[in-house]
S.K.: 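Encoded as structure tokens, here's the structure I'll be asking about.
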Amino acid sequence: MVHVSVASPAGAYTVGNTSFFRYIVRLAEAGLPLHGEDREALQMLAAIPHAFFDDEEMVWGRGWRVVPPATLDDWPVLESTPQRVRAAFETARRILWENAAPVGISAREIVAIEDELDAVFTILERAEKAGFAVNISYVS
């Protein structure tokens, strides 16, 4: 089981759907031909760190960065604006819909992913209205 946490001081949501992780967060690994902004969006999602990631190397891209743990009781997170995160998730959603057959996703998985995206977008909207950045990580 994989849990993807999307959080800000305005609220948090944890996605507990393995299909969301496989087909949204790790869609860059599907080997699809991507160009420009699509590649950037999927690279950002692929950079979401595992909660127990211990690499000290700073990972970043346009409009986002992976923040290493501050203490031993903390874990790394991908930090970005809610707008940037929303754009990345929307791009992944569009690419997934356009390539549903090649990636082998089922209709049931698409429905579950859509439900999870709706919940994540609600958290992103709250963060945007409050002016907060968003932190994302996952644990398996």
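Side-chain atoms are counted along with the backbone in the values below, which use heavy atoms only and exclude waters and symmetry mates. Everything numeric here is computed off the predicted structure, so don't read it as measured data.
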S.K.: Do E109 and S106 meet the criterion of a side-chain donor-acceptor pair at a distance under 3.5 Å?
M.R.: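 Note: E109 and S106 side chains meet the donor-acceptor criterion.
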S.K.: Answer yes or no: is there a donor N or O on one side and an acceptor on the other, between the side chain of S137 and the main chain of P49, under 3.5 Å?
M.R.: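 Flag not set: sc S137 to bb P49 has no pair under 3.5 Å.
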S.K.: Can you get from V25 to L32 by hopping between Ile, Leu, Val, Met, Phe, Trp and Tyr side chains that sit under 4.5 Å apart?
M.R.: yes
S.K.: Taking atom CD1 of I95 and atom CG of L42, what is their separation to the nearest 0.5 Å?
M.R.: 4.0 Å
S.K.: V15 pairs by side chain to side chain contact (heavy atoms under 4.5 Å, CB included) with which of I113, D115, V120?
M.R.: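 Only one of I113, D115, V120 forms a side chain to side chain contact (heavy atoms under 4.5 Å, CB included) with V15, namely V120.
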S.K.: Quick one: does D38's side chain have a donor or acceptor within less than 3.5 Å of a partner on L34's backbone?
M.R.: no
S.K.: Identify, with sequence neighbours excluded, every residue that meets ring pair (Phe, Tyr, Trp, His ring centres under 6.0 Å) alongside F21.
M.R.: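 Checked F21 against ring pair (Phe, Tyr, Trp, His ring centres under 6.0 Å); matches are Y138.
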S.K.: In Å, rounded to the nearest 0.5 Å, how long is the span from CD1 of I48 to OG of S5?
M.R.: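 Separation between the atoms: 10.0 Å.
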S.K.: Are Y13 and L124 grouped together when hydrophobic residues (ILVMFWY) are joined by side-chain heavy atoms under 4.5 angstrom apart?
M.R.: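 Shared cluster, yes.
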S.K.: Would V59 and V4 show up in the same hydrophobic cluster when neighbours are defined by side-chain heavy atoms closer than 4.5 Å?
M.R.: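 Linked within one cluster.
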S.K.: Tell me if a side-chain donor or acceptor on R65 pairs with a main-chain N or O of E79 at a distance below 3.5 Å.
M.R.: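 No, R65 side chain to E79 backbone: no donor-acceptor pair under 3.5 Å.
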S.K.: Just how far is it from atom OG1 of T91 to atom CZ of R39, taken to the nearest 0.5 Å?
M.R.: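 That separation rounds to 13.0 Å.
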S.K.: Quick one: OG on S19 to CD1 on I105, what's the gap to the nearest 0.5 Å?
M.R.: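 Those atoms lie 6.0 Å apart.
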S.K.: Do you reckon F121 sits in the same ILVMFWY cluster as I110, going by side-chain contacts under 4.5 Å, direct or chained?
M.R.: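 In one cluster: yes.
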S.K.: OG1/T81 to CZ/R86 distance, rounded to the nearest 0.5 angstrom?
M.R.: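 These two atoms lie 11.0 Å from each other.
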S.K.: Under the criterion side chain to side chain contact (heavy atoms under 4.5 Å, CB included), I'd like the reasoning laid out for W60 against V66: C-alpha separation, chi angles, the key distance, then a yes or no.
M.R.: CA-CA 6 Å; W60 58 274; V66 172; over 6 Å; no
S.K.: Please check if any side-chain donor atom of W64 sits under 3.5 Å from a side-chain acceptor atom of Q43, or the reverse.
M.R.: no
S.K.: Using the ring pair (Phe, Tyr, Trp, His ring centres under 6.0 Å) criterion, which residues pair with Y23? Sequence neighbours excluded.
M.R.: none
S.K.: What distance separates I123 CD1 from I136 CD1, expressed to the nearest 0.5 Å?
M.R.: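 Reported value, rounded in 0.5 Å steps: 11.5 Å.
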S.K.: Under the side chain to side chain donor-acceptor pair (under 3.5 Å) test, which residues partner E90, sequence neighbours left out?
M.R.: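 Side chain to side chain donor-acceptor pair (under 3.5 Å) list for E90, sorted by chain: empty.
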S.K.: Looking at every non-hydrogen atom in both residues, tell me the closest pair between L96 and I24 and how far apart they are.
M.R.: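 Nearest pair, atom of L96 first, then I24: CD2-CD1, 4.1 Å.
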S.K.: Can a salt bridge be assigned to the pair R93 and E114 using a cut-off of 4.0 Å between side-chain N and carboxylate O?
M.R.: yes
S.K.: A side-chain contact here means heavy atoms from C-beta on lying under 4.5 Å apart; do H50 and S140 qualify?
M.R.: yes
S.K.: List the atom of V139, the atom of A51, and the distance in Å for their closest heavy-atom pair.
M.R.: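 Shortest heavy-atom separation between V139 and A51 comes out as CB-CB, 4.0 Å.
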S.K.: Do other residues, nucleotides or ligands put more than 12 heavy atoms under 6.0 Å from the CZ atom of R22?
M.R.: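 No, not enclosed.
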S.K.: Quick one: does R62's side chain have a donor or acceptor within less than 3.5 Å of a partner on E40's backbone?
M.R.: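 Flag not set: sc R62 to bb E40 has no pair under 3.5 Å.
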S.K.: Identify the two heavy atoms, one from S8 and one from A133, that lie closest to each other, and give their separation to 0.1 Å.
M.R.: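 Here S8 and A133 meet closest at CB-O, 3.2 Å.
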S.K.: Between N17 and F20 (side chain of the first, backbone of the second, donor and acceptor by atom type, cut-off under 3.5 Å), is there such a pair?
M.R.: yes
S.K.: I need the minimum non-hydrogen distance between A88 and M44, along with the two atoms involved.
M.R.: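 Minimum heavy-atom contact is CB-CE, 3.6 Å.
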